[in-house]
K.L.:
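I'd like to ask some things about the structure below.
What you see is a predicted model; the values in this text were computed from it and never measured.
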Amino acid sequence: MSKTAEEVRPRRRTQAQRRAQTRASVLAAARSVFARRGLSGASLEEIATEAGVSRGAVYYNFDDKERLFLALLRERCVERAELLNTL
């Protein structure tokens, strides 16, 4: 049975999906860069480069490096709380 072009071609992501993916990429890159360099040694430019996005994309999602760090901390706290709830 042959598939139509629509079935073969992946669907385009919505703007909200692209933004969510960019934010997730920035958070993953920040986690890595902060682990290597620490908060004071990390730069938003290095995080953007590692995430494969522009600095503007980082600033679109986070006002500054401290807000980015706090978002990672919040994620970690939520993960730990969920883990504790399963015990």
K.L.:
Checking Leu68 against Leu27 for the side-chain contact (heavy atoms from CB on, under 4.5 Å) test, could you report, in this order, the C-alpha distance in whole Å, the side-chain angles of both residues, the deciding distance, and whether it holds?
P.N.:
CA-CA 7 Å; Leu68 176 52; Leu27 287 168; 3.8 Å; yes
K.L.:
For atom CZ of Arg18, is the number of surrounding heavy atoms from other residues, nucleotides or ligands below 6.0 Å larger than 12?
P.N.:
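It does: Arg18 CZ has more than 12 such atoms within range.
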K.L.:
Got a salt bridge between Glu46 and Arg36, using NZ or NE/NH1/NH2 to carboxylate O under 4.0 Å?
P.N.:
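Salt bridge flag = yes for Arg36 with Glu46.
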K.L.:
Show, in sequence, the C-alpha distance, side-chain angles and deciding distance for Ile47 and Phe34, and conclude whether the side-chain contact (heavy atoms from CB on, under 4.5 Å) test is met.
P.N.:
CA-CA 9 Å; Ile47 291 167; Phe34 287 144; 4.0 Å; yes
K.L.:
Going by distance alone, is a donor N or O of one side chain under 3.5 Å from an acceptor N or O of the other, for Ser25 and Gln21?
P.N.:
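Present: a donor and an acceptor within the cut-off.
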K.L.:
Can a donor-acceptor pair be found, under 3.5 Å and without considering hydrogens, that links the side chain of Lys65 to the backbone of Leu39?
P.N.:
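Checking the backbone N and O of Leu39 against the side chain of Lys65, a donor-acceptor pair under 3.5 Å is found.
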K.L.:
Rounded to the nearest 0.5 Å, how far does CD of Glu66 lie from CG of Leu73?
P.N.:
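Leu73 atom CG to Glu66 atom CD measures 13.0 Å (nearest 0.5 Å).
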K.L.:
So does Arg76 get a backbone contact from the side chain of Glu79, meaning a donor-acceptor N/O pair under 3.5 Å?
P.N.:
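Checking the backbone N and O of Arg76 against the side chain of Glu79, no donor-acceptor pair under 3.5 Å is found.
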K.L.:
Under 4.5 Å between side-chain heavy atoms, counting indirect links through other Ile/Leu/Val/Met/Phe/Trp/Tyr residues: same cluster for Leu70 and Val58 or not?
P.N.:
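Result: no, two separate clusters.
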K.L.:
Of all the heavy-atom pairs spanning Arg37 and Ala42, show the shortest one and how long it is.
P.N.:
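Heavy-atom minimum between the residues: CB-N, 3.9 Å.
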K.L.:
Would you sort out whether Tyr60 and Arg19 count as a side chain to side chain donor-acceptor pair (under 3.5 Å), showing the intermediate values?
P.N.:
CA-CA 10 Å; Tyr60 179 85; Arg19 285 182 176 163; 3.1 Å; yes
K.L.:
Can you tell me how far the CG atom of Asp64 sits from the OH atom of Tyr59, to the nearest 0.5 Å?
P.N.:
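Nearest 0.5 Å value for the CG-OH distance: 7.5 Å.
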